[in-house]
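Read the structure below first, then the notes.
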There are 2 protein chains.
Amino acid sequence: MSIVVALTDRGGAIATLDSDAGFLLARAGGRAIRALNRALEPFGLRSRHYTVLLAAAEHGGLSQRELGDLLGVDPSAVVALVDDLQRAGLVRRDPHPDDRRTRLVVLTEAGTEVFGRAAELAAKVEDETLGPLGPDERAALLGLLRRVAR
Amino acid sequence: MSIVVALTDRGGAIATLDSDAGFLLARAGGRAIRALNRALEPFGLRSRHYTVLLAAAEHGGLSQRELGDLLGVDPSAVVALVDDLQRAGLVRRDPHPDDRRTRLVVLTEAGTEVFGRAAELAAKVEDETLGPLGPDERAALLGLLRRVAR
DNA sequence: TATTGTTATACTCTATAACTATA
DNA sequence: TATAGTTATAGAGTATAACAATA
């Protein structure tokens, strides 16, 4: 007890890399993103394109504003990502029925097909990322991350 | 059961943002880094400088190569980070006793003092990042992250 | 020959401000 | 006035290659 008090009095000297949640989160996240980028290279896509496809597939048509909020990406970045995907023929920008300012990002048939194959690759990458963890531990990690990543 | 089979046959359509570990890790990590960057702004430091100070404080003198390996940062980036910290008077580059190629990064007295205060801020930021989690859950998350972030 | 540190460089990502067209 | 999308731009982060000094 007195040892701990002495250490904390020295001004946080018990801090270590291995107990720094922010560092561990950023490092693990970075590895996952890089691994997914490598896996998606044959498709000419990067992780962030994949998350756009994923969000659009999950919700079946989102405004760019909604995409940005959902993904935590700046609106100006959403424009660039959707530009890429549209140029590749994977999404369309459909007019919103009630608001002429907003454009709904919808998967094309080709986009749905590519997303399906990319999702399989992503599942493989995730399986490797979470390699050391058993099924229950993976579920526990996902549950905790969901509450932290809000 | 038949529903799940039909969905997986559609090519991974059950994938969702909320069950994508890589996405959640990257998003949570990004938030933690940004929050720490904001907190460190008064010191003229960024998260990555803080991790260098942390590693040096924890090990009491590391080569730049060791720092890069430990932090998952490219050697050329380590140079720039140590340059910044040295310019600010927070670290020294001491000669290695046995190898004239390597330079040991060591905290100065000012560096130790600043690191102590930065660590307190970092602890506050981490506390907010992990806000929704109880003590046991925080420990569980750290344990899981340690095994994934290797 | 291999390794440590360094420089230069390019590319990705993030963030901000300013603009347009609509609401 | 406020919002959705867009453009331009700057800064931070990441990655690669090439080099000097040393092992």
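Chain identifiers are assigned alphabetically (A, B, ...) following the order of the sequence lines, protein sequences preceding nucleic acid strands; residue numbering begins at 1 within each chain.
Here the C1' atom of nucleotide D/dA12 and the CD1 atom of B/Ile33 are 12 Å apart, to the nearest Å. Between B/Asp84 atom CG and D/dG13 atom P there is a gap of 10 Å when expressed in whole angstrom units. Between the CD atom of B/Glu66 and the C1' atom of C/dT3 there is a distance of 13 Å, rounded to whole Å. The CZ-P distance, from B/Arg46 to C/dC13, rounds to 17 Å in whole Å. Nucleotide D/dT3 holds its P atom 17 Å from the CD atom of A/Gln64, rounded to whole Å. The separation between B/Tyr50 atom OH and D/dA12 atom C1' is 20 Å, rounded to whole Å. When the P atom of D/dT6 is taken as reference, atom CG of A/Leu67 falls 12 Å away, rounded to whole Å. Separating the CG atom of B/Leu81 from the P atom of D/dA12 is a distance of 12 Å, rounded to the nearest angstrom.
Within the structure, a side-chain polar atom (N or O) of A/Arg65 is placed less than 4.0 Å from OP1 or OP2 of D/dA4. A sub-4.0 Å separation between OP1 or OP2 of C/dT14 and a side-chain N or O of A/Arg48 is present. Taking only side-chain nitrogens and oxygens, A/Arg93 comes nearer than 4.0 Å to OP1 or OP2 of D/dT6.
Near DNA chain D, meaning a heavy atom under 4.0 Å away, the residues from residues 71-80 of chain B are B/Asp74, B/Ser76.
Hydrophobic clustering (side-chain heavy atoms under 4.5 Å, transitive across Ile, Leu, Val, Met, Phe, Trp, Tyr) keeps A/Leu104 apart from A/Val82.
Under a 4.0 Å N-O distance rule, the pair B/Asp84/B/Arg48 does not qualify as a salt bridge. At a threshold of 4.0 Å, the pair B/Glu126-B/Arg138 does not count as salt-bridged, since none of the basic side-chain nitrogens sits closer than that to a carboxylate oxygen. In summary, B/Glu113 and B/Arg117 engage in a salt bridge, as defined by a charged side-chain N under 4.0 Å from a carboxylate O.
With sequence neighbours excluded, the residues satisfying side-chain hydrogen bond (donor to acceptor under 3.5 Å, both in side chains) with A/Arg93 are A/Gln64, A/Asp83, A/Gln86.
Side-chain atoms of B/His59 do not come within 3.5 Å of backbone N or O of B/Gly61 as any donor-acceptor pair. With hydrogens and angles disregarded, no donor-acceptor distance shorter than 3.5 Å links the side chain of A/Asn37 to the backbone of A/Arg46.
The shortest distance between side-chain heavy atoms of A/Phe115 and A/Val52 does not fall below 4.5 Å.
Positionally, the nearest nucleotide of DNA chain D for A/Asp83 lies more toward the 5' end than for the other of A/Arg34 and A/Asp83.
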Short N/O separations, protein against nucleotides 21-23 of chain C, under 3.5 angstrom:
unit_1 : atom_1 : unit_2   : atom_2 : d
C/dA23 : OP1    : A/Arg100 : N      : 3.0

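A donor-acceptor pair shorter than 3.5 Å cannot be found between the side chains of B/Asp18 and B/Thr16.
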